[in-house]
Engineer: 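Just passing along the structure, written as structure tokens.
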Amino acid sequence: MEKLEMEAPDSSLVDKAKKPISKRLNKYERVFQPCLAEVLGTMFFVFIGCVSVIENTPAAGRLQPALVHGLAVAVLVAVMDRIRSGSHFNPPFTVAVCLCGGLELAMVAPYLVSQLVGGVLGAGMAKLMTSPERFSNASGAAFDLLRSESQLYRALFGEAAMTCLVTLVVLMVAVNSRTKTPFGPFLVGSTVMFNILAGADISGACMNPARAFGPALIANHWTYHWVYWVGPITGGAAAAALVRLVLGDQKLRIVLKS
């Protein structure tokens, strides 16, 4: 009994120490720091992703880009997650999270601009790091698979479907309260990885307009570039609709609440 009485004050002190002290975030932490995190996270993701494509060897096939993109997403999201940005690094993620109430509408445009700037910086870094010959042969890691109209609609559908899947994972592990998990970065990275393994030969499995825009600008390769905007944005919106209408908790779901 005495031991319990002596330990009680200590345990309460520990509990108080563990309890986070809430304080009002200043403007830098509310606005500028999240945007900088989006720039840096997208920049490094696009940089390492582009290098993995430019330096890829035929023997590695889709495995090298799949592993690099998936692991890069997992690491960057895990590192940046506690910064208020939420570690999107992808315009469809930002739009979907906003549609599900996880982001203020006023921050959507700054996030999108930050992601596109990061994509351009990352593609520029990849160009500086790789040889001109390899860079040219890979079109700067821009998505150059689409050569004819016959490929177009399969690629468009693939981008929409794969982006829907990975965005759904993001919303379920980060926004939906019933399914939130600390394994979110691993799950999102794994989804990116197996999407690339499955669909890289169809569309390149971009799933991210910022990842497509940066290399396209640096390499000046715009052939069917619109596919990598329309497909992912459509897929992201579809994922948000699924969460809002079917899969979300009571707070997120807008129908069938009773």
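Because the structure is a prediction, the values reported are computed rather than measured. Worth knowing before you read on, the calculation uses all heavy atoms, side chains too, and leaves out hydrogens, waters and symmetry mates. The chain is numbered in sequence order, starting from 1.
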Engineer: Any sub-3.5 Å donor-acceptor pair from Glu38's side-chain atoms to Pro34's backbone N or O?
Structural biologist: no

Engineer: Go through the steps for Val51 and Met129 under the test side-chain contact (heavy atoms from CB on, under 4.5 Å), then give the verdict.
Structural biologist: CA-CA 8 Å; Val51 171; Met129 180 174 171; 4.0 Å; yes

Engineer: Could you measure the distance from the CG atom of Leu112 to the CE atom of Met107? Nearest 0.5 Å is fine.
Structural biologist: 10.5 Å

Engineer: Please evaluate residues Gln33 and Leu36 with respect to the criterion side-chain contact (heavy atoms from CB on, under 4.5 Å), reporting the C-alpha separation (whole Å), side-chain torsions for both, the decisive distance (0.1 Å), and the verdict.
Structural biologist: CA-CA 5 Å; Gln33 190 178 50; Leu36 287 171; 5.6 Å; no

Engineer: Do the rings of Phe44 and Phe47 sit parallel, tilted or perpendicular, given the 30° and 60° boundaries?
Structural biologist: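 If you compare the ring of Phe44 with that of Phe47, the planes turn out perpendicular.
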
Engineer: Under 4.5 Å between any side-chain heavy atoms of Met207 and Pro232, yes or no?
Structural biologist: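 Met207 vs Pro232: side chains apart.
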
Engineer: Enumerate the residue pairs fulfilling side-chain hydrogen bond (donor to acceptor under 3.5 Å, both in side chains) with a member in residues 161-174, sequence neighbours excluded, ordered by first and then second residue.
Structural biologist: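 Matches after skipping sequence neighbours: none remain.
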
Engineer: If you look at every heavy atom in Val77 and Pro185, which pair is closest and at what distance?
Structural biologist: CG1-CG, 3.8 Å

Engineer: Checking Trp226 against Leu156 for the side-chain contact (heavy atoms from CB on, under 4.5 Å) test, could you report, in this order, the C-alpha distance in whole Å, the side-chain angles of both residues, the deciding distance, and whether it holds?
Structural biologist: CA-CA 9 Å; Trp226 63 270; Leu156 186 61; 4.2 Å; yes

Engineer: At what distance, to the nearest 0.5 angstrom, does NE2 of His69 lie from CG of Asn208?
Structural biologist: 9.0 Å

Engineer: Between Asn56 and Gly61, what is the shortest heavy-atom contact and its length?
Structural biologist: ND2-O, 2.8 Å

Engineer: Check for me, please, whether Trp222 and Tyr228 land in the same ILVMFWY cluster - side-chain distances under 4.5 Å, paths through other members count.
Structural biologist: no

Engineer: Report yes if some heavy atom in the side chain of Phe157 is under 4.5 Å from a heavy atom in the side chain of Met162; otherwise report no.
Structural biologist: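 They are not in contact (no side-chain heavy atoms under 4.5 Å apart), so the answer is no.
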
Engineer: Please report the interatomic distance CG(Leu116) to CG(Leu121), rounded to the nearest 0.5 Å.
Structural biologist: 11.0 Å

Engineer: Using modelled atom types only, decide if a donor and an acceptor are shared between the side chain of Gln64 and the backbone of Ser52 within a distance under 3.5 Å.
Structural biologist: yes

Engineer: Check whether any side-chain N or O of Thr181 sits under 3.5 Å from a backbone N or O of Gly184 as a donor-acceptor pair, and report yes or no.
Structural biologist: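 Looks like no, no N/O pair under 3.5 Å.
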
Engineer: Atom NZ in Lys251, atom CZ in Arg178: separation rounded to 0.5 Å?
Structural biologist: 14.5 Å

Engineer: Check whether the ring centres of Phe45 and Phe89 lie less than 6.0 Å apart, and answer yes or no.
Structural biologist: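 Not close enough - the centres of the two rings lie 6.0 Å or further apart.
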
Engineer: I want to check something: taking the side chain as every heavy atom from C-beta on, are Asp144 and Thr223 in contact at a cut-off of under 4.5 Å?
Structural biologist: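 Result no, sub-4.5 Å side-chain heavy-atom pair not found.
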
Engineer: Describe, in one word, how the ring planes of Trp229 and Phe213 are oriented to each other, choosing from parallel (under 30°), tilted (30 to 60°) and perpendicular (over 60°).
Structural biologist: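 The arrangement is perpendicular - the two ring planes meet at more than 60°.
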
Engineer: Can you tell me if Leu105 has over 12 outside heavy atoms packed within less than 6.0 Å of its CG?
Structural biologist: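 No, CG of Leu105 has 12 or fewer neighbouring heavy atoms, counting only those of other groups under 6.0 Å.
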
Engineer: To the nearest 0.5 Å, what is the distance between CG on Leu168 and CG on Leu247?
Structural biologist: 6.0 Å

Engineer: Is the shortest side-chain heavy-atom distance between Arg211 and Cys50 below 4.5 Å?
Structural biologist: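 Yes, at least one pair of side-chain atoms sits under 4.5 Å.
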
Engineer: Applying the 4.5 Å side-chain criterion to the ILVMFWY set and letting contacts propagate, would Val120 and Phe135 be lumped into a single cluster?
Structural biologist: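 Yes.
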
Engineer: Quick one: do the Ser203 and Glu159 side chains pair a donor with an acceptor below 3.5 Å?
Structural biologist: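 Ser203 vs Glu159: donor-acceptor pair found between side chains.
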
Engineer: Does any non-hydrogen side-chain atom of Pro92 lie less than 4.5 Å from one of Val166?
Structural biologist: no

Engineer: Among side-chain atoms of Ser177 and Asp249, is any donor-acceptor pair under 3.5 angstrom?
Structural biologist: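 There is such a pair (donor and acceptor under 3.5 Å, judged by atom type) between the side chains of Ser177 and Asp249.
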
Engineer: Look only at the side chain of Thr234 and the backbone of Val230, and say whether a donor-acceptor pair between them is shorter than 3.5 Å.
Structural biologist: yes

Engineer: Within the distance-only criterion (no hydrogens, no angle test), does the side chain of Asn137 pair as donor or acceptor with the backbone N or O of Glu133 below 3.5 angstrom?
Structural biologist: yes

Engineer: What I'd like to find out is whether the side chain of Val97 reaches to under 4.5 Å of the side chain of Val175, using heavy atoms alone.
Structural biologist: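 Val97 reaches Val175 side chain to side chain.
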
Engineer: Does Gln115 form a side-chain hydrogen bond (donor to acceptor under 3.5 Å, both in side chains) with Thr94? I'd like the steps, not just the answer.
Structural biologist: CA-CA 10 Å; Gln115 291 156 4; Thr94 296; 2.8 Å; yes

Engineer: Do Leu242 and Cys164 touch side chain to side chain, with heavy atoms closer than 4.5 Å?
Structural biologist: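 Yes, close enough: below the 4.5 Å cut-off.
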
Engineer: Would Phe143 and Leu146 show up in the same hydrophobic cluster when neighbours are defined by side-chain heavy atoms closer than 4.5 Å?
Structural biologist: yes

Engineer: Are any non-hydrogen side-chain atoms of Ile233 and Val95 less than 4.5 angstrom apart?
Structural biologist: no

Engineer: Asp201: what forms a salt bridge (charged side-chain N to carboxylate O under 4.0 Å, His left out) with it, not counting sequence neighbours?
Structural biologist: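 Asp201 satisfies salt bridge (charged side-chain N to carboxylate O under 4.0 Å, His left out) with Arg62 only.
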
Engineer: Are any side-chain N or O atoms of Arg253 and backbone N or O atoms of Val246, one a donor and one an acceptor, separated by less than 3.5 Å?
Structural biologist: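 Answer holds: no.
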
Engineer: Nearest 0.5 Å, please: how far is CG in Leu128 from CE in Met125?
Structural biologist: 8.5 Å

